[in-house]
Amino acid sequence: VSTSCSFTIQQGAKIIFSARLQSHGSNQLDMVLARFDSNGLLDTTFGFNGRVRIGPRAMGADIDVTGINGYEGLCSGAIQTDGKIVLGGTIYRGFGSLRIGVLRLNQNGQLDNGFGSNGLYELSGFSESNYGNQIAIDSQQRIVIAGKIDAPFGSNFGSRGLAIRLASNGQLDSTFNDNNGFFSWNVTASGQVDAPFSAPYFTAITTQSDNKILLGGCSGYCSSDSE
């Protein structure tokens, strides 16, 4: 069973299609990418005969990425100016723990091992689960990810909207937001910050020509589909 995720246009009018693939009778979810020429025919020079499956190699994936265990939801895609393919979203870590993850492939569909750690960046440093929803790339080829982070266990406050920025090498950009590398936000309509139950979720992101970041989303009971 497959669920489509995103379409992006690569240089040369190539069409990159990504989807989540669930194996029959299993909860395992892998990412699958395919590339088509502008005439709609599968481009067999990409990946493995036009397709690439990302997940545990032991379960049949073409690319076995360190840190991905087969439950990934890297469902937002973007293309860099050099044609490299960036996928962002959420990685399942077991025991109800989720983390923002970003993966990069070379233009030909092979894993870019020079990005992050063996091709994958995974947000660390938070005990709470965090979720990536949409990604964008600015003019300096920095990658920004919009999502949310859960409230600390036992807290009276709701979750917070979260945005992070990565340098082009797949490492957290320490120059972003007063050297934090991330921006989190919780606010009510009255402007009160860190108020209970407002629970904003950033579900959309884009960058301006001056690299300022625009974030959109919802507040309260919302999901990644509330765009």
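Here the structure is a predicted model, which means the values were calculated and not measured.
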J.: Just verifying a value: how many Å separate Y121 OH and L172 CG, rounded to the nearest 0.5 Å?
T.: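 Rounded to the nearest 0.5 Å, the OH-CG separation comes out at 4.0 Å.
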J.: Once you round to the nearest 0.5 Å, how far does CD1 of I79 lie from CD1 of I137?
T.: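 Result: 7.5 Å between the selected atoms.
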J.: Rounded to the nearest 0.5 Å, how far does CG of D64 lie from CD1 of I54?
T.: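 Nearest 0.5 Å value for the CD1-CG distance: 11.0 Å.
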J.: Give the minimum heavy-atom separation between D30 and R53, together with the two atoms involved.
T.: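 Answer, listing the atom of D30 first, then R53: OD2-NE, 2.9 Å.
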J.: If I take atom CD1 from residue I164 and atom CD1 from residue I145, how far apart are they, to the nearest 0.5 angstrom?
T.: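 These two atoms lie 3.5 Å from each other.
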J.: Distance-only, no hydrogens or angles: does the R35 side chain make a donor-acceptor pair with backbone N or O of Q107 under 3.5 Å?
T.: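 At least one qualifying donor-acceptor pair exists.
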J.: For Q141 and T81, indicate whether the former's side chain and the latter's backbone hold a donor-acceptor pair under 3.5 Å.
T.: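 Flag set: sc Q141 to bb T81 pair under 3.5 Å.
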J.: For Q10 and G83, indicate whether the former's side chain and the latter's backbone hold a donor-acceptor pair under 3.5 Å.
T.: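 A pair under 3.5 Å: yes.
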J.: I need the minimum non-hydrogen distance between Q134 and I205, along with the two atoms involved.
T.: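 Answer, listing the atom of Q134 first, then I205: O-CG2, 3.6 Å.
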J.: Not counting sequence neighbours, which residues clear side-chain contact (heavy atoms from CB on, under 4.5 Å) with L42? List them please.
T.: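 Only A34, F36, R51 meet the side-chain contact (heavy atoms from CB on, under 4.5 Å) criterion with L42.
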J.: Would you be so kind as to tabulate the donor-acceptor pairs closer than 3.5 Å made by side chains of residues 209-217, with sequence neighbours excluded?
T.:
residue : atom : partner : partner atom : Å
D210    : OD1  : Q208    : NE2          : 3.2
D210    : OD1  : K212    : N            : 3.1
N211    : OD1  : S139    : N            : 3.0
N211    : OD1  : S139    : OG           : 2.9
N211    : ND2  : S139    : OG           : 3.0

J.: Under the 3.5 angstrom rule, does the side chain of T90 hit a backbone N or O of Y131 as a donor-acceptor pair?
T.: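 Checking the backbone N and O of Y131 against the side chain of T90, no donor-acceptor pair under 3.5 Å is found.
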J.: Write down the atom of V102, the atom of V86, and the distance for their closest heavy-atom approach.
T.: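 Closest heavy-atom pair between V102 and V86: CG1-CG1, 3.6 Å.
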J.: Name all residues meeting the ring-ring contact (aromatic ring centres under 6.0 Å, His included) criterion together with F126; count only those two or more places apart in sequence or in a different chain, and write none if there are none.
T.: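 For F126 the ring-ring contact (aromatic ring centres under 6.0 Å, His included) partners, ignoring immediate neighbours, are F182.
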J.: With a 4.0 Å cut-off, would you call K14 and D37 a salt bridge?
T.: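 Yes, this pair counts.
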J.: Is there side-chain contact between I9 and I15, with heavy atoms separated by less than 4.5 Å?
T.: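 SC-SC contact between I9 and I15 confirmed.
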J.: R160 and S184: which non-hydrogen atoms are nearest, and at how many Å?
T.: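 What the structure gives for the nearest pair is NH1-OG, 3.7 Å.
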J.: Rounded to the nearest 0.5 Å, what separation is found between the CG atom of L123 and the CD1 atom of I149?
T.: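 The CD1 atom of I149 is 7.0 Å from CG of L123, to the nearest 0.5 Å.
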J.: Write down the atom of F202, the atom of L162, and the distance for their closest heavy-atom approach.
T.: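 Here F202 and L162 meet closest at CD1-N, 3.3 Å.
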J.: State, to 0.1 Å, how close T207 and A136 come at their nearest heavy-atom pair, and which atoms those are.
T.: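 Heavy atoms only, the tightest pair is CG2-CB, 4.4 Å.
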J.: Quick one: CD1 on I16 to CG on L105, what's the gap to the nearest 0.5 Å?
T.: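 Going from the CD1 atom of I16 to the CG atom of L105 covers 9.0 Å.
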J.: Can you find a side-chain donor-acceptor pair between D82 and Q80 that sits under 3.5 Å?
T.: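 Yes, because at least one side-chain N or O of D82 sits under 3.5 Å from a partner of the opposite role on Q80.
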J.: Passes side-chain contact (heavy atoms from CB on, under 4.5 Å), M31 versus R20? Steps please.
T.: CA-CA 5 Å; M31 292 304 303; R20 287 182 295 230; 3.7 Å; yes
J.: Backbone N or O of G116 within a donor-acceptor pair of the R104 side chain at under 3.5 Å?
T.: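 Not confirmed, R104 side chain does not pair with G116 backbone.
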